[in-house]
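We count ligands from 1, going down the list as the structure has it; atoms in each ligand are counted the same way.
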Amino acid sequence: MTAKIGVLVMSYGTPESLEGVEAYYTHIRRGNPPTADQLKELKDRYEAIVGGVFPLRENTDRQVEALQEALDNERGGGEVEFVCYQGLKHASPFIEDGVEAMARDGITEAVGVVLAPHYSVMSVGGYLKRAKEKAEACGIRFIGVESYHLHPVLVEALGKRVADKLDAFEETGAGREDVRVLFSAHSLPERILSMGDPYRDQLLATSQAVADVAGVKNWQFTWQSAGRTSEPWLGPDILDTLRELADDQQVKYVLSAPIGFVSDHLEVLYDLDIEAQALAGELDLRLMRIDSLNSDPAYMAVLSDVVRQAACELKVKQQ
Ligand code: FEC
């Protein structure tokens, strides 16, 4: 008999329409509604990227479909069938909805994987905690993938993206080694460091590995998209880094490589492509960005690999 294992594919989530932005923002703020000004500011950012369409939803849908295809194709005559479900952190279908859907389909064993390669207790840890709690309540044995930030196929795919954009710089007359590669990821409150959280070290490890694959020596890491709260967030922020590069280091060419994200969404399409790009223009910097992974077959191969490994661990634990 074929064994079915559920795969809960988790992503940040995005509203379905501009009307849904308030509920979404309130969920991110753990039930505290935003002020009118905060809400307007966020709606303006969404409108600026794509005129009110929310690309993360379509990208996540495609990633879930593509992972299902990859798992089906690799199955061969194997006895285990993986069935993917979607669960979003801040929008419908929520993580809990995905687990409930599995339970309704009679799934009793499941693997959870987040569409974010680096672990922090405040990011991936939060997804996995909710998924595990719901799975336990539904009688599903659950194992979560914590991180896959040094998976060789992921590093290779990101390295290729960096190399491709360095080629593009060269075509415009810039020397390859004159381009400062800026790896970046979503900032988090500084207090994660005193908690011994691995997030920063994992991001630095990915940056180093990708730079090695792409043969890049001229690189640094910077944070982006810090939250608007009163506590200190990890820095420097990419906007300050760009100012420093232009004013103090006379850098002229910058390649943005947001390795903490896997999709085109607000934090890439607005924070980098609009906000950082506008600043780069003012500073007379030429700024390019690597393409996002989205549903690149290489990224799907990474996900299917880590899902299979986790499923094996689930089986071993059962014995
Ligand atoms: O395209 C979209 O609609 C969604 C884009 C989006 C992604 C994303 C990823 C991460 N976040 C992380 C942490 C935080 C923390 C807070 C926070 C706040 C926001 C707000 C928006 C938002 N995030 Fe996000 N994040 C995205 C969007 N994020 C919108 C609210 C307005 C603002 O601050 O800009 C602060 C919460 C609080 O108020 O306490 C913390 C982390 C990631 C990367 C990992 C992941 O994808 O889960 C970490 C995409």
Lys NZ or Arg CZ of Arg29 over Tyr25 ring: under 6.0 Å, within 45° = yes
Between Lys89 and Tyr12, is NZ or CZ placed under 6.0 angstrom from the six-membered ring centre and within 45° of the ring axis?
-> no
Going by heavy-atom distance to atom 37 (C) of ligand 1, choose the closest among Glu231, His90, Arg30.
-> Arg30
Option of least heavy-atom distance to atom 40 (C) of ligand 1 (set: Phe261, Tyr46, Trp233) | Trp233
Can you say whether the rings of [X] and [Y] are parallel (under 30°), tilted (30 to 60°) or perpendicular (over 60°)?
X	Y	answer
Tyr148	Tyr299	tilted
His118	His149	tilted
His27	His90	perpendicular

Looking only at the side chains, is there a donor atom on one of [X] and [Y] sitting less than 3.5 Å from an acceptor on the other?
X	Y	result
Ser187	Gln224	no
Gln68	Asp72	yes
Thr35	Gln38	yes
Gln249	Arg180	yes

Per-atom contacts, ligand 1 versus [X] - under 4.0 Å to a heavy atom:
X	answer
Leu42	29 (C)
His265	1 (O), 49 (C)
Ser123	48 (C)
Arg228	32 (C), 33 (O), 34 (O)
Tyr127	45 (C), 46 (O), 47 (O)

Looking only at distance, does Lys89 have an N or O less than 3.5 Å from an N or O of ligand 1?
-> no
Taking 2.8 Å as the upper limit, name the protein N, O or S atoms near atom 24 (Fe) of ligand 1.
-> Tyr12 OH
Which residues satisfy the side chain to side chain donor-acceptor pair (under 3.5 Å) test with Ser207, sequence neighbours excluded?
-> none
With heavy atoms only and a cut-off of under 4.0 Å, state how [X] meets ligand 1: side chain, backbone, both or neither.
X	value
Leu115	neither
Leu266	both
Phe54	neither

Determine whether Glu109 and Lys315 make a side-chain contact, defined as any pair of heavy atoms from C-beta on separated by less than 4.5 Å.
-> yes
Which residue supplies the protein heavy atom nearest to [atom], what is that atom called, and how far is it?
atom	value
atom 44 (C) of ligand 1	Ala116 CB, 4.1 Å
atom 4 (C) of ligand 1	Tyr24 OH, 3.3 Å
atom 38 (O) of ligand 1	Thr229 CG2, 3.9 Å
atom 30 (C) of ligand 1	Tyr25 CE2, 3.3 Å

Could you pull out the closest heavy-atom pair between Pro55 and Ile49, with the gap in Å?
-> CD-CD1, 4.1 Å
Heavy-atom contact under 4.0 Å between Arg45 and ligand 1?
-> yes
State which residue, out of Asp61, Asp97, Thr60, fulfils the side chain to side chain donor-acceptor pair (under 3.5 Å) condition with Gln86.
-> Asp61
Look at Arg243 together with Asp240 and state whether they make a salt bridge at an N to O cut-off of under 4.0 Å.
-> yes
